[in-house]
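Report on the following structure.
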There are 2 protein chains.
Amino acid sequence: MRGRKITSADVAARAGVSQSAVSRVFTPGASASPRTVQKVRKAAAELGYRPNVIARTMASGRSRIIGLVVAYLDNYFYPEALEKLSKLLQDRGYHVLLFMASQTAENVDDIVERILDHQVDGIVAASAGLGSELSARCRAAGVPVVLFNRSQDDPSLSAVTSDNVAGGRRVAEFLLAGGHGRIAYIAGWEGASTQRDREFGFLAGLARGGAALHSRAAGEFRLETARTAARVLFAGPDRPDAVFVANDHMAFGVMDVLRHELGLSVPGDVSVVGYDDVPPAAWPAYDLTTVRQAATRMVAETVAILIDQIEQACDEPRRIAISADLRVRGSARVPAGWSR
Amino acid sequence: MRGRKITSADVAARAGVSQSAVSRVFTPGASASPRTVQKVRKAAAELGYRPNVIARTMASGRSRIIGLVVAYLDNYFYPEALEKLSKLLQDRGYHVLLFMASQTAENVDDIVERILDHQVDGIVAASAGLGSELSARCRAAGVPVVLFNRSQDDPSLSAVTSDNVAGGRRVAEFLLAGGHGRIAYIAGWEGASTQRDREFGFLAGLARGGAALHSRAAGEFRLETARTAARVLFAGPDRPDAVFVANDHMAFGVMDVLRHELGLSVPGDVSVVGYDDVPPAAWPAYDLTTVRQAATRMVAETVAILIDQIEQACDEPRRIAISADLRVRGSARVPAGWSR
DNA sequence: ACCCGCTTTGCATACGAATGCAAGGCCGGA
DNA sequence: TCCGGCCTTGCATTCGTATGCAAAGCGGGT
């Protein structure tokens with residue numbers, strides 16, 4: 001037995017006003033006299049009326065919903081970002097409709113089509129790219145898109161990342177200053193701009209210090225692959241004395257292999273540096289030196305861009321790279337003179 | 001310049017049929033002749049038509065959206081569950097609208113009201129309770145609610161948990177069998193049924209083994225509080241030789257304090273057991289013995305209940321406790337004869 | 001007392017698809 | 001050939017709110 005729903009017409013009848021008056025009372029910025037407001041609020045409270053968001057969307061064309069595409073949540077950078085994103089949007093009266101891009105099943109483009117079906121006011125694509133015809137459709141539909149922690153060439157897409165190139169460079173400088181001579185790199189998924197930029201900056205930094213990469217393996221941003229990569233890199237006699245891992249998630253796996261499988265000491269035998277500064281990086285068990293990718297600021301920028309484009313119809317896409325500082329902890333030898 | 005939207009009427013005109021015919025072609029189970037289907041599909045493809053989900057919701061009264069309330073994502077049990085939940089629902093044609101219950105700002109009831117405004121077809125409340133008048137409103141609105149990883153007395157609410165009592169008991173048996181004599185407990189947030197049930201089972205298990213609790217401290221399910229609790233419990237000379245921590249998230253913090261602040265060996269000096277079996281529990285750095293709370297099965301049951309209630313209108317609420325086995329790893333002394 | 005201008009209000013319609021109802025088409029059986 | 005019944009189809013209406021427009025109300029200045 002589900003009670004009939006209370007509509008604005010019911011409230012109007014009880015308050016002795018028109019349905020539009022009720023609507024105006026619940027529409028911020030609409031004109032209504034104090035007397036009307038009071039009558040309507042009273043009637044609404046007595047009936048337990050709540051505006052129907054779907055109908056509102058239908059009529060106004062604005063859903064106050066943001067579609068979010070995420071590929072995986074096992075890299076703990078994303079839960080953190082998701083939590084902050086959702087909260088920030090809630091504060092602005094928006095909500096997140098979640099779409100998981102199961103890496104296997106479907107491609108992101110299909111998902112974005114489905115997102116558009118929901119009449120979202122904006123889209124955030126975290127760690128995912130967009131086909132160019134899809135980005136065109138979004139533009140045609142007037143739905144702004146922000147790439148989060150990824151960027152791509154399409155100039156019509158906004159993107160928020162950390163300054164991956166500078167971050168990578170900084171790691172190189174740090175490791176060189178620490179006197180490391182055999183420096184390795186474990187890469188992320190090669191299709192990701194973050195991977196490419198981090199590696200580019202890192203290699204540039206090494207080169208500028210007159211050094212070259214000792215060895216390299218692909219980790220694909222996946223834990224198990226990174227572990228395998230570590231086993232391979234550290235198999236021979238001429239093993240690295242430092243390794244930069246393209247994100248923290250993989251770095252944990254690498255440290256585990258080094259310490260618990262190969263019996264190496266970190267940072268005694270090998271220095272390990274990660275990227276992201278996810279919460280577990282600060283846990284004493286890992287105490288991982290890493291590049292801080294400020295999720296809070298990245299999310300704030302993402303929301304700012306989105307809201308601007310939605311509400312001001314300020315149409316220019318923006319691309320932002322948040323500065324990325326090194327977080328010096330205990331997993332890598334600290335050069336003399338560097339403060340933690 | 002946003003192109004005018006393509007509606008079913010546009011498709012109808014181009015295909016030479018009525019708008020209802022178009023609607024029927026896109027409504028599974030509606031009757032349409034093969035000829036009509038073909039004409040409509042062709043026209044739709046040519047125009048790039050996609051049904052407007054909002055309008056469909058408006059007309060049909062069903063949104064195929066599930067509202068999800070989560071309090072925090074820093075306990076990594078929830079990202080895992082969220083990912084699985086979202087994927088499973090996507091496979092069934094549903095989507096997740098996310099609501100973060102910032103523990104400070106608002107209470108869950110307010111949030112659920114806002115969820116209801118969105119005409120969701122169902123609600124999942126993860127680690128959160130519901131006021132009784134709110135649960136009545138949901139019932140009145142015909143919106144099924146499933147509590148995830150929490151249960152409460154209200155018999156109109158479905159709930160999916162692990163068998164926390166049995167899980168707690170099993171930990172007690174394991175620790176006693178391991179010959180521990182000074183067994184401590186670090187509690188979760190006292191308002192949570194999971195906390196109460198785990199402790200109840202644990203104490204019952206101790207009692208049945210003729211033992212009593214050595215000491216207890218409150219961890220509130222929060223990392224920092226758990227660390228403090230560990231410092232307090234292990235401050236005196238008569239420190240515990242085993243501690244059951246109410247979830248893994250806190251257990252990591254406890255292990256870190258024991259090892260890196262107090263210089264104790266785990267499991268040499270102290271055995272630590274957690275609850276949840278989140279992914280990092282299996283990482284060698286922690287290698288945490290814990291109670292496996294099968295997220296996959298819990299999510300599957302949650303979805304099953306939800307869909308049943310939505311689609312069959314099978315109205316009886318169900319409460320399910322998934323069996324919870326001990327995952328024996330290296331953080332606690334293993335009794336002779338127990339297999340890992 | 002009169003007029004101008006701003007605020008408030010109601011009316012009517014739009015948003016886009018789903019669906020009850022009745023009419024039309026088609027088929028088979030007698 | 002005629003009739004009954006089922007499958008298709010279109011018409012008209014519905015869902016609940018927002019909003020353009022025009023009318024009404026109100027207040028102040030002269």
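A quick note: this is a predicted structure, and the numbers were derived from the prediction, not measured. Chain letters run A, B, ... following the sequence lines, proteins first and then strands; every chain starts at 1.
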Could you state the atom-to-atom distance from CD1 of Ile54(A) to C1' of dG16(C) in whole Å? 13 Å
Please walk me through it: do Arg56(B) and Asp117(A) pass salt bridge (charged side-chain N to carboxylate O under 4.0 Å, His left out)? CA-CA 10 Å; Arg56(B) 172 175 292 179; Asp117(A) 294 347; over 6 Å; no
Between dG16(C) (P) and Leu47(B) (CG): distance, integer Å: 15 Å
Test item: side-chain donor near acceptor, Thr296(A) and Glu80(A), under 3.5 Å: no
Would you work out how much the helix from dA1(C)-dT30(D) to dA30(C)-dT1(D) bends between its ends, with each end axis defined by five base pairs, to 10 degrees? 40°
Nearest-0.5 Å distance that lies between atom CE in Met100(A) and atom OG in Ser86(B): 6.0 Å
Rounded distance (Å) that lies between atom P of dC15(C) and atom CZ of Arg62(A): 18 Å
On a heavy-atom basis, which atom in Leu97(B) and which in Ile65(B) lie closest, and how many Å separate them? CB-CG2, 3.8 Å
Letter per nucleotide, 5' to 3', of nucleotides 15-23 of chain D [B base touched, S only sugar-phosphate touched, - untouched; heavy atoms, 4.0 Å]: BBBBBBB--
How many Å lie between CZ on Arg64(B) and C1' on dA18(C), as a whole number? 14 Å
Identify all side-chain donor-acceptor contacts of residues 19-26 of chain A below 3.5 Å with residues at least two apart in sequence or on another chain.
{"from": "Gln19(A)", "atom 1": "NE2", "to": "Ser8(A)", "atom 2": "OG", "distance (Å)": "3.4"}
{"from": "Ser20(A)", "atom 1": "OG", "to": "Ser18(A)", "atom 2": "OG", "distance (Å)": "3.2"}

On the 0 to 90° scale, with breaks at 30° and 60°, tag the Phe148(A)-Tyr78(A) ring pair as parallel, tilted or perpendicular. perpendicular
Is the number of heavy atoms from other residues, nucleotides or ligands under 6.0 Å of Arg92(B) CZ greater than 12? no
